[in-house]
Asker: 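I have a structure I would like to understand better, so I am pasting it below and will then ask my questions one at a time.
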Amino acid sequence: MKHPSTAPHAAMPPRTGFTRLALAALCLVAAAGAAQAQSIVMAGNYQNFDVLNNTGAPTYGFEMEVRGVSSKDLTRIFPSNFEPTVIRYGVGTATDFPGGVIVRWAATYQPASGTWSTSTPVPLSLASVPGESCWTWGMPTTYATAGCEHFGISTSGANPTSITYRWLVRDPANPGTLVGNSTYVNIPAPVWTVVPPANPALPPVVVAEVQAPPAPPALYGEAQWVKVYKTEQQAKVDLIQLMGDNHAVVPEAAAQVEVGWSLLQRDPPAAAHASATP
């Protein structure tokens, strides 16, 4: 899937790459059930992604539970380098917990009226996210009712080891409080590592590893398809150069891009699997 790009990304702070690297983009498909098997609930990666409200009711925010980093490792929380009003929730907040950080975008509660300042509606027509569009600059006339949002973070010095994504909904037992929706948006996050070459004259190798979601006891984990686009660029690049409409860095010709699908699924825990084996 090609994700369309929009001009506002030009304002993003550059993130320099290595002199030689392999560039990979992930299109991630979540299937919460058979009825949604063909729906693309989320597109992009943790730095910039669109996510569809697939809860069946209005939501009042979104959060990322990011493990392996802390708030001091975050260099950007969307939309920190744009006007805060490009999304209805403004700039997100970061709260540390042992082993990670919660990044949250949320509406504010109005005690006098018992209402929330804003919400993400149920999509009227969208069945899948369009990709890099679910904000006022990407959907100038339809964002308010589209039922999807755009979020993202950037990190420095450390890579997240895992990320859990979830919509925020009202807590019926505690008015004025938001809680994570019981159904996660289970999208795997690639972990990037740089492997120094054995021969110093050769470039380093950039590896993207995707961990499958954990499996419940004695069961296989949720199956997910991951589509990988790969091309190589023999020069230093900035983040803006990795967008889909940059023909110099991201070739559009199919012959220039390696594409593959992988089925990602975690095996049951070894002990439970062994006990279930006759």
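The structure presented is a predicted model; accordingly, all values stated were derived computationally and were not measured. In what follows, every heavy atom counts, from backbone to side chain, and hydrogens, waters and symmetry copies are set aside.
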Asker: Applying side-chain contact (heavy atoms from CB on, under 4.5 Å), run through T120 and F62 and close with a yes or a no.
Answerer: CA-CA 10 Å; T120 302; F62 193 84; over 6 Å; no

Asker: For the aromatic rings, using the six-membered ring if either is Trp, is the centroid distance between W137 and Y143 under 6.0 Å?
Answerer: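 No, the ring of W137 stays outside the 6.0 Å limit from the ring of Y143, centre to centre.
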
Asker: Are V86 and I77 connected in the hydrophobic side-chain network, where two residues link if heavy atoms are under 4.5 Å apart?
Answerer: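 Cluster IDs for V86 and I77 match.
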
Asker: Measure across C134 and P130 and return the closest heavy-atom pair with its distance rounded to 0.1 Å.
Answerer: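 For C134 versus P130, the nearest heavy atoms are SG-CD, 3.8 Å.
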
Asker: State whether the number of non-hydrogen atoms from other residues, nucleotides or ligands found under 6.0 Å of E83 atom CD is greater than 12.
Answerer: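 No, the 6.0 Å shell around CD holds no more than 12 heavy atoms from other groups.
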
Asker: Yes or no on side-chain contact (heavy atoms from CB on, under 4.5 Å) for V179 and V169, after CA distance, side-chain angles and deciding distance?
Answerer: CA-CA 6 Å; V179 294; V169 297; 4.0 Å; yes

Asker: Report yes if the distance between the aromatic ring centroids of Y60 and W167 is under 6.0 Å, otherwise no.
Answerer: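 Judged by ring-centre distance (under 6.0 Å), Y60 and W167 do not meet the cut-off.
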
Asker: Aromatic ring centroids of F78 and H150 under 6.0 Å?
Answerer: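 Centroid distance F78-H150: below 6.0 Å, so yes.
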
Asker: Are any side-chain N or O atoms of S119 and backbone N or O atoms of P121, one a donor and one an acceptor, separated by less than 3.5 Å?
Answerer: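 Absent.
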
Asker: Are there over 12 heavy-atom neighbours, none belonging to R170, within less than 6.0 Å of that residue's CZ?
Answerer: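 No - once you tally the heavy atoms of other residues, nucleotides and ligands closer than 6.0 Å, there are 12 at most.
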
Asker: Are R104 and M64 close enough that some pair of their side-chain heavy atoms sits under 4.5 Å apart?
Answerer: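 Not touching, per the 4.5 Å side-chain cut-off.
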
Asker: Given C148 and L126, is the side-chain contact (heavy atoms from CB on, under 4.5 Å) satisfied, shown in steps?
Answerer: CA-CA 8 Å; C148 65; L126 284 180; 3.9 Å; yes

Asker: If only atom types and distance count, is the side chain of D73 paired as donor or acceptor with the main-chain N or O of S70 below 3.5 Å?
Answerer: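 Side chain of D73 to backbone of S70: a pair is present.
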
Asker: Where do A107 and L178 come nearest, in terms of heavy atoms and distance?
Answerer: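 Scanning both residues, the minimum pair turns out to be O-CD1, 4.3 Å.
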
Asker: Nearest heavy-atom pair of V129 and V41: which atoms, and what distance?
Answerer: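 Closest pair (atom of V129, atom of V41, distance): CG1-O, 3.5 Å.
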
Asker: For residues V122 and P58, determine if any side-chain heavy atom of one lies less than 4.5 Å from a side-chain heavy atom of the other.
Answerer: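 Result yes, sub-4.5 Å side-chain heavy-atom pair found.
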
Asker: Where is the tightest heavy-atom contact between V91 and P84, given as atom of each residue plus distance?
Answerer: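 Closest pair (atom of V91, atom of P84, distance): CG2-CB, 4.4 Å.
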
Asker: Contact between N53 and P123 at the side-chain level, heavy atoms closer than 4.5 Å - yes or no?
Answerer: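 With C-beta onward as the side chain, the pair touches.
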
Asker: Please lay out, stage by stage, how L168 and E63 fare under the test side-chain contact (heavy atoms from CB on, under 4.5 Å).
Answerer: CA-CA 7 Å; L168 298 176; E63 71 179 15; 3.7 Å; yes

Asker: Going from CG on D50 to OG on S128, what distance comes out if it is rounded to the nearest 0.5 angstrom?
Answerer: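 Answer for the CG-OG pair, D50 versus S128, is 11.5 Å.
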
Asker: Taking the side chain as every heavy atom from C-beta outward, state whether V101 and V69 have any atom pair closer than 4.5 Å.
Answerer: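 V101 reaches V69 side chain to side chain.
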
Asker: Taking the six-membered ring for Trp, are W261 and W225 parallel (under 30°), tilted (30 to 60°) or perpendicular (over 60°)?
Answerer: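 Correct class here is perpendicular.
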
Asker: Between Y46 and Y165, does the ring pair (Phe, Tyr, Trp, His ring centres under 6.0 Å) criterion hold? Intermediate values first, please.
Answerer: CA-CA 10 Å; Y46 72 88; Y165 305 82; 8.5 Å; no

Asker: So which heavy atom on S154 is nearest to which on Q47, and how close?
Answerer: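 Shortest heavy-atom contact: OG-CG, 4.4 Å.
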
Asker: State whether a side-chain donor-acceptor pair under 3.5 Å links S117 with Y89.
Answerer: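 Checked: S117/Y89 side chains show no N/O donor-acceptor pair below 3.5 Å.
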
Asker: For a quick test of reading the model, state the closest non-hydrogen atom pair linking T155 to P160 and the distance between them.
Answerer: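 Heavy atoms only, the tightest pair is OG1-CD, 4.2 Å.
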
Asker: Are T85 and T136 packed together at the side-chain level, in the sense that at least one heavy-atom pair is separated by less than 4.5 angstrom?
Answerer: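 No, side chains not in contact.
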
Asker: Count I, L, V, M, F, W, Y as connected when their side-chain heavy atoms are under 4.5 Å apart, and connections chain through other members. Are I102 and V51 then in the same cluster?
Answerer: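 Each belongs to a different hydrophobic cluster.
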
Asker: Centres of the F151 and W105 rings: under 6.0 Å?
Answerer: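 They qualify: ring centres under 6.0 Å apart.
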
